[in-house]
Asks: 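I'd like to ask some things about the structure below.
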Amino acid sequence: MAVMRASRSLSRVALLAARTPALAGARSLSAKPVRLSEEEITSLTPAGWTTVEGREAIERKFQFADFSEAWAFMSRSALAAEEMCHHPEWFNVYNTVHVTLATHDCSGLSKNDMELAARMNKFAGSA
Ligand SMILES: C[C@H](O)[C@H](O)[C@H]1CNC2=NC(N)=NC(=O)C2=N1
């Protein structure tokens, strides 16, 4: 319940920021994401993530001690995703979470993917 309340209030902050030009500009919440070049993708992709074959996206498989640890990681990542208005594609089986990140709004990869990937690494304790 507390998580849902936190999630709703984060969404409200993001919505408010998107409607407030000064805040939106500062956090790029309402700006259309810019598609990264191949060089930028190479230099900005966080440790542990690789590009997906045949698709402009990055992926990483996270492994945890058990389901509870995997779910804690997913909860933290979900709140970060809501805050960023940028959402992962993911698949969870017991203690593994396979994550794919891409930006539909620019049909490729953007800095949002790199930022979410870096935050997920931190949540998993690996960077
Ligand atoms: C309107 C809304 O903010 C956009 O559709 C957001 C939502 N979440 C998103 N998530 C991802 N991964 N890519 C997007 O382009 C994207 N766009």
Side-chain angles (χ1 to χ4, degrees):
M1 198 56 207
V3 168
M4 283 183 65
R5 260 200 305 278
S7 167
R8 272 200 300 270
S9 70
L10 284 173
S11 303
R12 257 184 262 120
V13 168
L15 282 173
L16 185 66
R19 288 195 215 105
T20 310
L23 286 174
R27 302 220 51 216
S28 306
L29 282 167
S30 67
K32 191 171 155 59
V34 177
R35 187 163 168 254
L36 299 174
S37 66
E38 279 201 30
E39 296 75 49
E40 287 170 321
I41 292 168
T42 306
S43 63
L44 295 175
T45 299
W49 292 80
T50 54
T51 48
V52 176
E53 187 74 33
R55 185 183 166 196
E56 206 165 295
I58 53 172
E59 66 183 339
R60 178 167 184 185
K61 197 169 176 184
F62 291 95
Q63 191 133 12
F64 300 92
D66 51 28
F67 177 72
S68 179
E69 292 292 319
W71 188 253
F73 164 79
M74 292 176 80
S75 300
R76 292 182 183 111
S77 300
L79 289 175
E82 270 298 275
E83 184 193 271
M84 294 174 63
C85 289
H86 194 69
H87 304 91
E89 297 169 30
W90 54 13
F91 183 70
N92 161 238
V93 178
Y94 183 52
N95 64 337
T96 66
V97 185
H98 187 164
V99 185
T100 303
L101 299 177
T103 301
H104 327 128
D105 294 345
C106 70
S107 305
L109 283 162
S110 71
K111 282 195 176 159
N112 292 341
D113 300 300
M114 303 309 171
E115 186 183 329
L116 187 55
R119 291 179 77 172
M120 286 181 147
N121 278 0
K122 284 202 183 118
F123 296 143
S126 63

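Computed from a predicted model, the values in this text were never measured in an experiment. All values below were derived from every heavy atom in this structure, side-chain atoms included, with hydrogens, water molecules and symmetry-related copies excluded. One is the number of the first residue; the rest follow in order along the sequence. Start at 1 and go down the list; that is how both ligands and their atoms are numbered.
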Asks: Just say parallel, tilted or perpendicular for the rings of Phe64 and Phe73, cut-offs at 30° and 60°.
Replies: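 Taking Phe73 first and then Phe64, their aromatic rings sit tilted (interplane angle of 30° to 60°).
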
Asks: Given that the side chain starts at C-beta and the backbone is N, CA, C, O, which of these parts of Pro33 lies under 4.0 Å from ligand 1, counting heavy atoms, or is it both or neither?
Replies: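 For Pro33, no heavy atom sits under 4.0 Å from ligand 1.
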
Asks: Are Tyr94 and Asp66 close enough, and set up right, to give a side chain to side chain contact (heavy atoms under 4.5 Å, CB included), and what steps lead you there?
Replies: CA-CA 7 Å; Tyr94 183 52; Asp66 51 28; 3.5 Å; yes

Asks: Between Glu82, Met84, His104, Glu89, flag the one that comes closest to atom 14 (C) of ligand 1 by a heavy atom.
Replies: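 Residue with the shortest heavy-atom distance to the ligand atom: His104.
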
Asks: Do ligand 1 and Thr103 have nitrogen or oxygen atoms that lie under 3.5 Å from each other?
Replies: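 Thr103 vs ligand 1: no N/O contact under 3.5 Å.
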
Asks: List the steps and the verdict of side chain to side chain contact (heavy atoms under 4.5 Å, CB included) for His98 and Arg60.
Replies: CA-CA 6 Å; His98 187 164; Arg60 178 167 184 185; over 6 Å; no

Asks: Is it true that the side chains of Asn92 and Trp71 contain a donor and an acceptor less than 3.5 Å apart?
Replies: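 Side chains of Asn92 and Trp71: no pair found under 3.5 Å.
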
Asks: May I ask you to check if ligand 1 and Asp113 share an N or O to N or O distance below 3.5 Å?
Replies: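 Checking ligand 1 against Asp113, no N or O pair falls under 3.5 Å apart.
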
Asks: Any N or O on Ala102 sitting closer than 3.5 Å to an N or O of ligand 1?
Replies: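 In this structure, Ala102 places an N or O atom under 3.5 Å from an N or O of ligand 1.
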
Asks: I'd like to know whether His86 forms a side chain to side chain contact (heavy atoms under 4.5 Å, CB included) with Asp113, so could you lay out the CA-CA distance, the side-chain angles of the two residues, the decisive distance to 0.1 Å, and finally the verdict.
Replies: CA-CA 8 Å; His86 194 69; Asp113 300 300; 2.7 Å; yes

